[in-house]
Amino acid sequence: MFRFRDHIISLVAVFLALGLGILIGTGLSDDMLVTQQRLLIEQMARDQRSLREQAQAMEAKVQSLTRNLYWWEKYQEALYPNVVSGLLSDKPVSVIYHGTNLPQDVLGVLRDAEADVCSIIRVEGQEELAYAEGLGLALAMSLTEGNKHDKLDSYLAEGRIFLEYYSPNPPQAVILMLGEQEMVEKRLLEEMIETFNHEQVTLVGLEYSEVEDSVLESLKEAGLSTVDNVDTVFGQFSLLSVLRGSAGNYGIKSAADQFIADY
């Protein structure tokens, strides 16, 4: 017969077992937590050492590249006068810039090469241009004929073009400095290309490396030489080579066939 005393003993045994289980489980949990924390700290320490080593390696690489760049600039400074000086001696060249800023670096290279810069002309970007039929023709004829086309004065009065410098000396080559495609008026280019080709004047399309939406591909298709990185010494060298007769498409973008022109 089941006695009340036996029932009490059974309950006590259950509670003792439960307490013992809790005590053992808590101890194990504490040990596992400590172990996990220790492993995490060790991993973080390893990661920190790895990051420090990577940072040191990157710093050493930057220092090496900085030294190389310094010596490369010194090399350019020493070589530049010997290569560029007199390279385009008295060659008449006109500069037209459209949808971009005045290319001072290009003018500097032309000056150092002793080219005769006979005209510098700014043509407004597409939005400001409000294009009028015949503007490209009037501009090209004014340069090749050595006197202003009848329509040119009206375009000047309307503020569509600006003569930074103009002389009646007809150019043998025309540099066309262009900006982003959205700033370029295609009909203007078409008229100038047709006219300059008819007059056998070399037309070269240029742009800076930073231009993302290039228009030089269409100039290449029209048979023009192009340089898409004229803000670099490599692009400037290619420009001088093109003006000396090394026709081609040079630079770093899709229209380029070579990085740099042959000397």
So, using side chain to side chain donor-acceptor pair (under 3.5 Å) as the criterion, who are the partners of [X] when residues are at least two apart?
| X | answer |
| --- | --- |
| Glu217 | Ser254 |
| Asp90 | none |
| Thr226 | Asn249 |
| Ser50 | Gln54 |

Closest heavy-atom pair and its distance - [X], [Y]:
| X | Y | result |
| --- | --- | --- |
| Asp228 | Ile252 | OD1-N, 2.8 Å |
| Val230 | Met177 | CG1-CE, 3.7 Å |
| Val184 | Gly179 | CG2-O, 3.9 Å |
| Phe237 | Ala261 | CE2-O, 3.3 Å |

Query raised in the report: For Phe259, which residues count as a ring-ring contact (aromatic ring centres under 6.0 Å, His included) partner, sequence neighbours excluded?
Result: Phe234
Requested in this report: Output, in order, the C-alpha distance, side-chain angles, deciding distance and verdict of side-chain contact (heavy atoms from CB on, under 4.5 Å) for Val84 and Leu240.
Outcome: CA-CA 8 Å; Val84 175; Leu240 295 177; 3.9 Å; yes
Requested in this report: Answer whether the closest heavy-atom distance between the side chains of Leu176 and Leu189 falls below 4.5 Å.
Outcome: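 Result yes, sub-4.5 Å side-chain heavy-atom pair found.
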Query raised in the report: Heavy atoms, side chains only, cut-off 4.5 Å: are Tyr250 and Asn229 in contact?
Result: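 The answer is no; the side chains never approach within 4.5 Å.
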Report task. Say whether Tyr97 and Phe162 are linked into one hydrophobic cluster, either directly or through other cluster members, by side-chain heavy-atom distances under 4.5 angstrom. Result ->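 Not linked; separate clusters.
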Query raised in the report: Do the side chains of Leu156 and Ile96 join up, straight or via other hydrophobic residues, at under 4.5 Å, putting them in one cluster?
Result: yes
Does the [X] side chain pair with the main chain of [Y], one donor and one acceptor, at a distance under 3.5 Å?
| X | Y | result |
| --- | --- | --- |
| His98 | Val123 | yes |
| Thr66 | Val62 | yes |
| Gln258 | Ile260 | yes |
| Ser225 | Gly248 | yes |

Query - Test salt bridge (Lys or Arg N to Asp or Glu O under 4.0 Å) applied to Asp257 - qualifying residues, sequence neighbours left out - result: Lys220
How many angstroms lie between atom [atom1] of [X] and atom [atom2] of [Y], to the nearest 0.5 angstrom?
| X | Y | atom1 | atom2 | value |
| --- | --- | --- | --- | --- |
| Leu219 | Glu190 | CG | CD | 10.5 Å |
| Leu88 | Arg244 | CG | CZ | 7.0 Å |
| Gln104 | Asp231 | CD | CG | 14.0 Å |

Requested in this report: Tell me yes or no: between the side chains of Asp262 and Ser246, is some donor less than 3.5 Å from an acceptor?
Outcome: no
Query - Pairs where residues 47-68 contributes a residue and the test salt bridge (charged side-chain N to carboxylate O under 4.0 Å, His left out) is met, not counting sequence neighbours - result: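 Output for this query is empty, none listed.
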Requested in this report: For residues 161-178, pull every pair meeting salt bridge (charged side-chain N to carboxylate O under 4.0 Å, His left out), keeping only residues two or more places apart or in separate chains.
Outcome: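 For residues 161-178: Arg122-Glu164.
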Query - For Tyr166, side chain to side chain contact (heavy atoms under 4.5 Å, CB included) partners two or more places apart - result: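 In terms of side chain to side chain contact (heavy atoms under 4.5 Å, CB included), with neighbours along the sequence ignored, Tyr166 is linked to Ser119, Ser142, Leu143, Lys148, Leu163.
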Requested in this report: Applying side-chain contact (heavy atoms from CB on, under 4.5 Å), run through Ile175 and Leu239 and close with a yes or a no.
Outcome: CA-CA 9 Å; Ile175 291 173; Leu239 170 61; 4.0 Å; yes
Using residues 192-207 as the side-chain source, report each donor-acceptor pair under 3.5 Å to any protein atom, sequence neighbours left out, with the distance given to one decimal.
| residue | atom | partner | partner atom | Å |
| --- | --- | --- | --- | --- |
| Thr195 | OG1 | Glu191 | O | 2.8 |
| Asn197 | ND2 | Ile193 | O | 3.2 |
| Glu207 | OE1 | Ser214 | OG | 3.1 |
| Glu207 | OE2 | Ser214 | OG | 2.8 |
| Glu207 | OE2 | Lys253 | NZ | 3.0 |

Requested in this report: Any chance you could lay out the side-chain contact (heavy atoms from CB on, under 4.5 Å) test for Glu124 and Glu185, step after step, and finish with the verdict?
Outcome: CA-CA 9 Å; Glu124 287 289 7; Glu185 175 53 61; over 6 Å; no
Do any side-chain atoms of residues 105-118 form donor-acceptor pairs under 3.5 angstrom with protein atoms, and if so which ones, sequence neighbours left out?
| residue | atom | partner | partner atom | Å |
| --- | --- | --- | --- | --- |
| Asp105 | OD1 | Tyr208 | OH | 3.2 |
| Asp112 | OD2 | Tyr80 | OH | 2.8 |
| Asp116 | OD2 | Asn169 | ND2 | 2.8 |

